[in-house]
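A short worksheet on the structure shown next.
Since the structure is predicted, the reported quantities are computational estimates derived from the model, not experimental observations.
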Amino acid sequence: MPQAIGETIFDVLYLGFALTAGLTMLMKGKSPLVKKTGLMAALLGAGDSFHLVPRSYALWTAGLEANAAALGIGKFITSITMTVFYLILYYVWREYFQVKDQKNLTGIMWALALLRIGFCLLPQNQWLTYRQPLLFGILRNVPFAVMGILIIVIFAREVRKVHDSVFRFMPLAVGLSFGFYLPVVLFSGVAPMVGILMIPKTMAYVWIVLMGWKLYKKEGLS
């Protein structure tokens, strides 16, 4: 019961923040850049709700294993939306720093995103089972991790170049999100307590959204 109460409160606050901030930026933002950032945040909240809402329901009812199918479908949807999240973040980077050309990099990001989604669509993932194959958990996250590394590198490069104040911590936030997420992928099956790392991972995403909100507020002052 304490786990159900704690997780539910945390999830409600997180999803409420992501959706509210995202929809506000999407609807009230003046520039395409802020609207992209809003779309990114709204997608984050909407996608994660497919996983977190069934998880809260499971904790309050028959338990996680008894709700394996709903949790698996939610995890599948979240895997897709998070891929799109980072693809949008790439375009936020391009627009914010006014990056021209980079056709090869754009092609690589799209290829990695499609590869990740392709792996997620394979039936071997066994999304509807409680314990899914580790091999496919690794396979579908390899292109995702490469996307994350590229996002870290390109933001770090531009932030240093122009001494940007809005996204200067983006490389750290993205790095932390993956740093907390990957051990869960690798070890949660044998050490369930590792799953607690999803809380700081989620807080890293809150940090990313807050950077976008800072851009929105900055636009309102201009």
Side-chain angles (χ1 to χ4, degrees), residues 6-53 56 77-78 80-102 105-106 109 113 144 147-181 197-222:
E7 282 200 29
T8 301
I9 292 173
F10 179 82
D11 293 345
V12 168
L13 292 174
Y14 161 61
L15 294 175
F17 166 73
L19 288 169
T20 300
L23 292 173
T24 299
M25 289 187 281
L26 187 59
M27 293 186 294
K28 295 185 177 181
K30 299 174 185 177
S31 67
L33 175 61
V34 172
K35 289 183 180 295
K36 277 192 187 73
T37 309
L39 175 62
M40 187 177 74
L43 183 67
L44 174 70
D48 278 359
S49 67
F50 281 95
H51 175 62
L52 296 178
V53 172
S56 290
I77 293 172
T78 301
I80 302 297
T81 55
M82 286 309 307
T83 308
V84 179
F85 173 90
Y86 277 105
L87 200 55
I88 297 173
L89 184 55
Y90 168 73
Y91 281 97
V92 167
W93 168 79
R94 286 185 62 94
E95 188 168 342
Y96 182 76
F97 293 106
Q98 299 181 0
V99 177
K100 307 298 181 184
D101 300 321
Q102 297 285 355
L105 180 57
T106 300
M109 289 295 291
F144 188 51
M147 287 181 73
I149 291 169
L150 289 175
I151 289 292
I152 292 169
V153 170
I154 61 179
F155 266 95
R157 184 181 62 195
E158 294 300 326
V159 164
R160 277 199 307 267
K161 190 185 300 181
V162 301
H163 304 290
D164 178 66
S165 61
V166 175
F167 291 126
R168 63 175 174 162
F169 293 117
M170 183 64 76
L172 177 58
V174 174
L176 288 172
S177 71
F178 277 94
F180 290 124
Y181 170 66
L197 292 176
M198 294 300 280
I199 293 177
K201 184 219 74 163
T202 300
M203 295 309 298
Y205 283 121
V206 169
W207 196 7
I208 292 172
V209 174
L210 284 172
M211 289 182 223
W213 186 258
K214 187 175 180 180
L215 186 65
Y216 167 67
K217 298 299 288 184
K218 186 177 179 181
E219 180 185 67
L221 295 174
S222 62

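Using modelled atom types and a 3.5 Å distance limit, the side chains of Tyr205 and Asp48 yield no donor-acceptor pair. Side-chain contact check for Thr106 and Tyr90: at least one donor-acceptor pair (N or O, by modelled atom type) lies under 3.5 Å.
How far CZ of Arg160 is from CZ of Arg157: 9.5 Å, rounded to the nearest 0.5 Å. Remark: Leu33 CG to Tyr91 OH distance equals 14.5 Å, nearest 0.5 Å. Note that CE of Met82 is 8.0 Å distant from CG of Leu43, once rounded to the nearest 0.5 Å. Interatomic distance, Leu105 CG to Trp93 CH2, rounded to the nearest 0.5 Å: 5.5 Å.
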- Message: Glu158 vs Asp164, test: side-chain contact (heavy atoms from CB on, under 4.5 Å). Steps then yes/no.
- Response: CA-CA 8 Å; Glu158 294 300 326; Asp164 178 66; over 6 Å; no
Item to check | Test side-chain contact (heavy atoms from CB on, under 4.5 Å) applied to Val84 and Met40, step by step | outcome: CA-CA 8 Å; Val84 179; Met40 187 177 74; over 6 Å; no
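Put simply, the side chain of Val166 reaches to within 4.5 Å of the side chain of Lys218, judged on heavy atoms. In this structure, Phe10 and Thr202 have side chains that are in contact, with non-hydrogen atoms separated by less than 4.5 Å. Leu89 places a side-chain heavy atom less than 4.5 Å from the side chain of Met170. Contact check for His51 versus Ile77: no side-chain heavy atoms found under the 4.5 Å cut-off. Residues Phe97 and Val162 are in side-chain contact: their nearest non-hydrogen atoms beyond the backbone lie under 4.5 Å apart. Counting only heavy atoms from C-beta outward, the side chains of Tyr14 and Ile199 never approach each other to under 4.5 Å. The side-chain heavy atoms of Gln102 and Ile154, taken from C-beta on, include no pair separated by under 4.5 Å. Side-chain contact check for Met211 versus Thr37: every heavy-atom pair is 4.5 Å or farther apart.
By the salt bridge (Lys or Arg N to Asp or Glu O under 4.0 Å) test, Lys36 is found to be paired with Glu95, residues two or more places apart in sequence or in another chain being considered. Applying the salt bridge (Lys or Arg N to Asp or Glu O under 4.0 Å) criterion to Lys100, with sequence neighbours excluded, gives no partner residue.
Between Leu19 and Ala42 the shortest heavy-atom distance is CD2-O, 3.6 Å. Closest heavy-atom contact between Ala41 and Gly22: CB-CA, 3.6 Å. Nearest heavy atom pair, residue Ala204 against residue Ala173, reads CB-O, 3.6 Å. What you find for Ala113 and Leu87 is that their closest heavy atoms are CB-CD2, 4.2 Å. The shortest non-hydrogen separation linking Met147 to Thr83 is CE-O, 3.8 Å. Of all the heavy atoms in Asp11 and Ser56, the pair that sits closest is OD2-OG, 3.3 Å.
A donor-acceptor pair is defined here as one N or O able to donate and one able to accept, closer than 3.5 Å; such a pair exists between the side chain of Glu219 and the backbone of Ser31. Checked by atom type and distance alone, the side chain of Lys214 pairs as donor or acceptor with a backbone atom of Ser165 at under 3.5 Å. Side chain of Lys35 to backbone of Leu26: a donor-acceptor contact under 3.5 angstrom is found. Formation of a donor-acceptor pair under 3.5 Å by the Thr81 side chain with backbone atoms of Thr78 is found in this model. Between the side chain of Trp213 and the main chain of Ala21, no donor-acceptor pair closer than 3.5 Å is present.
Between Phe167 and Tyr96, the ring planes are perpendicular. Angles over 60° get that label, and only those under 30° would be called parallel. The aromatic rings of Tyr86 and Phe178 are tilted relative to each other, their planes meeting at an angle between 30° and 60°.
Around atom OH of Tyr181, more than 12 heavy atoms belonging to other residues, nucleotides or ligands sit under 6.0 Å away.
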